[in-house]
Amino acid sequence: MSILLIVLPLGLVLGAVGVVAFIWAARQGQFDDLETPAIRAVVDDDLHEPGVH
Amino acid sequence: MSAADLGIQAAERSAAANPVTGCAHCGLPVPTGLVSPSGDASFCCEGCRSVYEVLHGCGLEQYYALRAATTDGEVTPAPAVAHALDYLDDPAFAEEHVKVRDGGIHEVELHLESVHCAACVWLVERLPQVVPGVIEARLSLATRTATLRWDPERTRLSTAARGLARLGYPAHPARDADVRAARRREDRSTMIRIAVAGALAGNVMLLAFALYGGHLHGMADLHKHLFGGVSAGLAGLALVWPGRVFFRGAMASIRTRRPHLDLPIAIGLTAGYGWSLWETIHGSLDVYYDVIGILVFLLLLGRWIQSRQQRRGHDAVSMLFAVAPSTARRLTASGGRADLIPLEAIEAGDLLEVRAGDTIPVDGTIRLGRTTVDEAMLTGERDPITAEIGATVLAGTTNLSGHIEVEAVATGDETRAGRLMDLVRRSAEDRAPVVRRADRLAAIFVPVVLGLAALTIAIHWSNDPGTAIGRAMTLLIISCPCALGLATPLAIIAALGQAARRRILITGGAALEALSHPGIIVLDKTGTLTAGRRRVVRWVEVDSAEGVDAGAPDPHGVLRAVACLERASAHPIAAALVAWGEEHIPSDAVDLHAAPTDVVETTGLGIEGTIDGVRWRIGRPGWISDHARTPRGFEGRTDELVDEGLSPLLVAREDAIVAAIGVGDPLQPDAEASIAALVRRGWRCEILSGDDPRVVRRAGERLGLPTRRCRGGATPEAKLERVRRLARRSTVVVVGDGVNDAAALSAATVGIAVHGGAEASLRAADVSLDRPGLTGVVELVDGAARTVGVIRRNLAVSLGYNVVGVGLAMVGLIDPIVAAILMPASSLTVITLSYRSRTFAAPDDVAGEAEPLEAPDRPTGPFVRAVT
């Protein structure tokens with residue numbers, strides 16, 4: 001039963017890791033523009049002649 | 001075969017199938033004279049040709065395939081760019097706008113014109129391929145802002161901007177970069193708060209399930225304490241970190257004695273947490289931690305969505321005014337050539353060159369030259385004034401005809417336009433904020449709830465003080481107005497979204513609440529009720545012996561001469577005449593570009609010139625009559641035009657008058673219907689214009705407004721004064737477009753800037769109509785009323801939940817599980833109701849969308865032939 005004493009804090013720590021990761025991403029500006037990067041990913045990499053970046 | 005080839009082939013196929021050749025860049029029909037005889041790519045204009053050539057030269061043809069795939073045929077011709085960009089390299093500009101990054105890389109933000117689709121993102125971000133030395137270009141589609149990084153050793157900003165222009169995207173410095181950086185920081189911290197609140201709420205909910213189980217079936221003391229303690233910790237964190245904003249709002253509400261919904265929310269949260277903490281310490285399971293966590297999360301989410309939607313409005317508006325002039329030509333002391341420098345670098349005493357057609361950049365005195373100046377932007381006066389050496393010209397006005405040199409007297413904020421903007425800022429600050437319906441409710445809500453809590457204690461105290469306090473606390477918790485807090489924002493978000501799709505950009509929900517009740521609408525005339533552009537309204541030709549068919553203009557006669565001759569002038573009336581000519585003569589039938597010789601333009605009177613050996617004069621009636629004889633039966637024509645409210649012009653061939661032209665600024669085609677619709681809805685309409693009082697009265701008569709509601713000759717200060725006076729008694733809505741309206745717009749309860757308005761008016765307004773015509777105002781008023789209906793329904797529903805909850809709490813039927821079901825249920829109901837309602841739609845009593853180029857008051861046959 002006392003396993004809960006370990007599992008519960010562990011669960012919270014894992015949750016905290018997720019939150020910290022989100023905070024890091026938000027501070028990096030990953031969520032500033034939610035529209036353009038999607039387009040960028042789709043239209044990029046197509047038809048690139050070698051040597052041209 | 002590559003996608004690019006496919007795109008081009010498709011373009012060629014459609015060109016072959018259709019006798020009309022499409023432009024290889026934009027697809028619009030190519031004028032017959034410009035179709036390439038060899039069957040190569042043809043272009044509708046030089047702008048398109050140069051973009052096409054750059055794209056092919058740099059291996060970027062893929063753009064066409066991408067564009068075809070990502071747009072629904074909404075393509076615009078490339079803007080013909082020639083605007084000078086050297087000012088971008090000026091140190092004064094760099095100091096203000098350019099940031100230096102690691103390794104000496106420079107970075108700047110630029111607003112780009114004509115960005116419209118995914119293919120634009122692709123193309124703009126290929127800029128390093130076009131301009132060597134540019135390291136990176138990132139485009140944000142939502143804000144149409146590009147962030148440019150370049151190596152100052154290898155290229156210059158002006159070169160990069162020229163590269164963008166060659167791709168078809170004229171660039172302008174983003175002058176609001178600081179504001180947006182601050183906003184971005186704020187956005188990020190809001191997002192973090194929501195994420196933390198969400199994570200905490202989720203975890204507290206998980207623990208709450210265990211506690212519910214314990215509640216029903218009993219639970220070991222160790223676990224009770226473990227779950228209770230951890231829940232208390234997590235919920236406490238939710239209150240002091242993301243939930244802090246509500247307590248701050250509640251404190252502000254108490255300090256300023258202005259009711260705000262944050263106050264009851266804070267009371268409910270405090271009561272819930274305090275009670276739960278007390279219960280936890282005493283080993284009970286009656287705790288509300290999960291309710292608290294969910295409340296904080298939902299309320300923050302609602303506020304964030306609302307502010308995001310309002311940002312969209314702001315962004316769209318800031319793009320509209322990024323296109324303001326930012327440079328001036330300063331003459332060097334030696335009298336040499338003029339340097340193009342940024343406005344920031346000009347000081348009083350500098351001598352500036354202002355060419356015909358330029359906006360005058362400073363307040364100053366003319367030192368050389370003679371010209372006409374269009375001051376409509378500042379004064380609303382439509383007719384250009386003549387300015388000579390020694391005359392004062394004002395920043396923001398347009399130099400129409402002559403080349404002048406101006407000595408700067410005042411620059412920037414000290415100009416009259418700058419002082420006007422200051423007035424705008426101050427009157428915006430003075431404006432009393434609209435008290436939100438929900439906040440007004442909160443003013444009643446708080447005392448009622450506290451009273452009921454006291455009543456509960458009083459009733460139950462004699463039996464058992466513990467139960468009495470318990471029930472009072474549950475009452476405070478269950479009455480926490482979560483759904484009430486969401487009711488207004490959600491209804492407004494839904495409405496703002498729908499409005500934006502109808503091209504009505506609203507920057508705040510308060511405007512909608514203010515617009516829902518009829519009040520006074522003050523309309524500017526020029527540019528608001530009218531198109532703001534002069535056009536030919538009447539054309540009366542003297543029937544000559546040439547035997548042309550009545551009803552259609554003779555392509556070789558007067559009209560062609562007028563169009564050719566007026567092309568040589570920069571006067572706004574001339575532009576109207578040229579446009580009229582182009583509209584009514586098929587361009588392939590007659591050459592409209594025949595250059596007249598011996599052109600003499602007399603400022604303020606008219607123009608004369610020789611075409612194909614014939615001497616033509618166009619100008620004011622008095623001036624023409626001095627040079628030519630009036631045919632019999634034509635004498636009264638000029639007066640008739642004046643009576644119609646038009647500016648008359650006469651045309652003389654050699655020594656005989658051959659035509660009279662009435663030029664005017666016709667009312668918007670939907671103006672009359674829109675005004676009528678507003679009056680039907682109970683609004684009082686009045687016209688307040690800087691234009692001549694007689695012109696204003698005549699416009700008022702056309703619109704069916706009584707003369708006392710039509711005021712002309714009003715200066716910006718007078719407009720502001722009038723609006724302030726009206727605002728003391730009722731809701732005042734100002735609809736305007738110019739700098740001269742800006743102060744009035746910001747002093748009004750709600751300011752509406754119409755399509756094509758000046759930067760200042762857009763800044764000052766709460767609502768911008770991004771489409772021509774006045775139907776948008778009617779639609780806005782209707783939409784506002786419907787939105788407030790939705791808000792009211794939301795409030796009623798959420799109050800209903802609260803009333804039920806309070807009733808249950810007073811008789812002691814609420815326990816944590818009931819609270820946990822009741823509170824999210826009320827929020828969900830409100831969310832569903834908000835998103836299912838349709839608020840903005842075309843008003844059914846104003847016919848159709850307005851096409852502003854079609855004058856409504858144009859007589860059915862514009863060409864009237866006077867039979868002499």
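Protein chains get the first letters and strands the later ones, always in sequence-line order, with residue 1 at the start of each.
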**Prompt:** Side chain, backbone, both or neither: which part of I23(A) has an atom under 4.5 Å from a heavy atom of chain B?
**Reply:** both
**Interface moiety of L200(B) toward chain A, non-hydrogen atoms closer than 4.5 Å** = neither
**Request:** Among L206(B), N203(B), V230(B), find the residue that satisfies the side-chain contact (heavy atoms from CB on, under 4.5 Å) test when tested with L8(A).
**Result:** V230(B)
**Prompt:** Do the side chains of F227(B) and L4(A) get nearer than 4.5 Å, heavy atoms only?
**Reply:** yes
**Message:** Run the side-chain contact (heavy atoms from CB on, under 4.5 Å) test on T36(A) and R138(B) for me, step by step, so that the C-alpha distance in whole Å, both residues' side-chain angles and the decisive distance to 0.1 Å come before the verdict.
**Reply:** CA-CA 9 Å; T36(A) 326; R138(B) 302 290 264 183; over 6 Å; no
**Message:** Please identify, among A16(A), G15(A), G29(A), the residue contributing the most non-hydrogen atom pairs under 4.5 Å to chain B.
**Reply:** G29(A)
**Item:** Pairs where residues 219-229 of chain B contributes a residue and the test salt bridge (charged side-chain N to carboxylate O under 4.0 Å, His left out) is met, not counting sequence neighbours
**Value:** D221(B)-K224(B)
**Interatomic distance, R27(A) atom CZ to M191(B) atom CE [nearest 0.5 angstrom]** = 11.5 Å
